[in-house]
Amino acid sequence: MSIKLYNTMSRRPEEFKSIEDNKVSMYCCGPTVYNYAHIGNLRTYIFEDILHRTLQHAGYDVKHVMNITDVGHLTGDGDDGEDKLNKRAKETGKSVWDIAQFYTDAFFKDESHLNIVRPNIVCKATDHIQDMIELIKKLEANGHTYVSGGNVYFSIDTIDDYGKLAGLRLDDLKEGARIEVDSNKKNPKDFVLWFTNSKFKDQAMVWPSPWGVGYPGWHIECSAMSSKYLGDHFDIHCGGIDAIPVHHTNEIAQSEAASGKKPWVNYWCHGEFLLNDKGKMSKSSGEFLTLSVLESKGYDALDYRYFCLSGHYRSQLKFSFEALDHAKSARESLVKRVAELKNSSVCDLGQKAQDYKNQFFAAMENDLMAPQALAVLWSMLKDKDVTDGEKLALVLEMDQILGLRLDEVKPLSETKDDIPEDVKALALKRAQAKKEKNFALADEIRNTLKDMGYIVKDTPQGPVLERV
């Protein structure tokens, strides 16, 4: 179980050593459910899924916790701007609770399509308000808070290592103190632990607290929920690279100040941005792609997963439909090859096959080098000195990490002879329409097939028809 992970805290790859033998405690920042997750967000969850699978394959019992931010943080990470859920509620005329549930369901639908293993524990912020209040009370008792303008703030001047994850220097922060963002703050980098009615009169989600009726700051949510389920010291904390300078920096400050334990987390792992023609994909720009949009254009969610596997999680990845087409073609070729192999029987590995296995898992255990692992997979499939039975055994084990659902691929020999020829012809005509991006015709044919008593499903092996 020799795994290396790049630790953002130390800025270098480190050999992974769990706190408890054969067990891993891992916390991942989940979605803020005021809108759909865009494909850049989903890239981070795919990386975390690959990490989960790699640790599990290496023999660890993984306790994976992920939060759902359904209280909604502000449009700015520095305690500024509108509340995102409130803003969405005003735009749609729906309640904040309905919006949060709708987008939570949409998020998990995307994760299911991407074959992402659901975390062991999924915790909603709204279910843990009392835990947050108790954590703030502990920080207050330890002398790390102050009340100003009706809000409770964390004072970064009460600790001596604020900003260590992001490499921020306290002297630089003090020099910037003249730049006032919130006049209630003693230091511009101080952050809100609890907002009261004094700041947002129309806040929809509010709870009673020792400091007044209000709601929690964004950063306190993750600290409270992670410590509740994983304790004051755990193995791995994951998220997107954009969380480093503010959110994760503030999590560390308040968590270590509350418990007095350092470090709070042993390994910090961050996924890089997905880029488009305009730069980083983001919701704030109003222009982003969702998984459902890709699917409506004829792509399988696993085409996008394969696309993400083609780049290392710590490298920026440029999205284009041309690149996605290449990923789709590669995945379809892989599925077709596996379908051919399914006519063979899994067998024990000879030495050459074992060498391929060792190379594949060595790549994945070396900071999740998925592109290198995929290259090993393809080399193995093309090697005439490895039998089909060995190839099938290898590809199924490799897919325990890749997560491309290769175990569900049907043998190439399976046919559907009971389906009428005119129905098959319509299915092929629909496939051609989708290839030509004539989605209106494809939808029309799909509805016709449904009226005839058949559901058509797109697979890399071609359209598959099932009776209604």
For the pair E332 and K328, find out whether any cationic side-chain nitrogen is under 4.0 Å from an anionic carboxylate oxygen.
yes
Parallel, tilted or perpendicular: which one describes the rings of Y313 and F47, with boundaries at 30° and 60°?
parallel
Does some side-chain heavy atom of V65 sit less than 4.5 Å from a side-chain heavy atom of M225?
no
Above 12 or not: heavy atoms from other molecules or residues under 6.0 Å from CD of E91?
yes
For the rings on F307 and F319, is their centre-to-centre separation under 6.0 Å?
yes
Is the NZ or CZ atom of K189 positioned over Y162's six-membered ring, under 6.0 angstrom from the centre and within 45° of the axis?
no
Report the C-alpha separation of W211 and I133 in whole Å, then their side-chain angles, then the decisive distance to 0.1 Å, and conclude whether the side chain to side chain contact (heavy atoms under 4.5 Å, CB included) test is met.
CA-CA 10 Å; W211 313 280; I133 289 172; 4.0 Å; yes
So with a 6.0 Å cut-off around CD of E20, is the heavy-atom count from everything else above 12?
no
Among all residues two or more places apart in sequence or in another chain, which pass the ring pair (Phe, Tyr, Trp, His ring centres under 6.0 Å) test with H57?
F361
Side-chain heavy atoms of L289 within contact of F321, under 4.5 Å
yes
F288 vs H38 aromatic rings, parallel, tilted or perpendicular, using cut-offs 30° and 60°?
tilted
Between E14 and Y6, is the side chain to side chain contact (heavy atoms under 4.5 Å, CB included) condition met? List the steps.
CA-CA 6 Å; E14 296 180 10; Y6 184 89; over 6 Å; no
For D355 and Q359, run side chain to side chain donor-acceptor pair (under 3.5 Å): C-alpha distance rounded to whole Å, both residues' side-chain angles, the deciding distance at 0.1 Å, then the answer.
CA-CA 6 Å; D355 289 343; Q359 291 171 34; 5.8 Å; no
Name all residues meeting the ring pair (Phe, Tyr, Trp, His ring centres under 6.0 Å) criterion together with Y267; count only those two or more places apart in sequence or in a different chain, and write none if there are none.
F16
Using the benzene-type ring in the case of Trp, are the ring centres of H128 and Y229 under 6.0 Å apart?
yes
Given the rule in the side chain to side chain donor-acceptor pair (under 3.5 Å) test, do E48 and H52 qualify, once you have shown the distances and angles that lead to the verdict?
CA-CA 6 Å; E48 292 164 352; H52 182 152; over 6 Å; no
L334 vs L377 side-chain heavy atoms within contact, under 4.5 Å:
yes
Taking only residues two or more places apart in sequence, or in another chain, which ones meet L165 in a side-chain contact (heavy atoms from CB on, under 4.5 Å)?
T8, M9, I244, H248, T249, I252, W268, H270
Output every pair passing side chain to side chain donor-acceptor pair (under 3.5 Å) with a member in residues 110-119, not counting sequence neighbours, ordered by first then second residue.
H113-E295
Check the surroundings of atom NZ in K297: do more than 12 heavy atoms from other residues, nucleotides or ligands lie under 6.0 Å from it?
no
Indicate every side-chain donor-acceptor pair of residues 387-394 with a distance under 3.5 Å to a residue at least two apart or in another chain.
unit_1	atom_1	unit_2	atom_2	d
T387	OG1	E390	N	3.1
T387	OG1	E390	OE1	3.3
E390	OE1	T387	N	2.9
E390	OE2	G350	N	2.6
K391	NZ	L381	O	2.9
K391	NZ	D383	O	3.0

Please collect all side chain to side chain donor-acceptor pair (under 3.5 Å) contacts where either partner lies in residues 370-379, sequence neighbours excluded, each pair once.
Y306-W378
Lys/Arg N to Asp/Glu carboxylate O, D157 vs K186, below 4.0 Å:
no
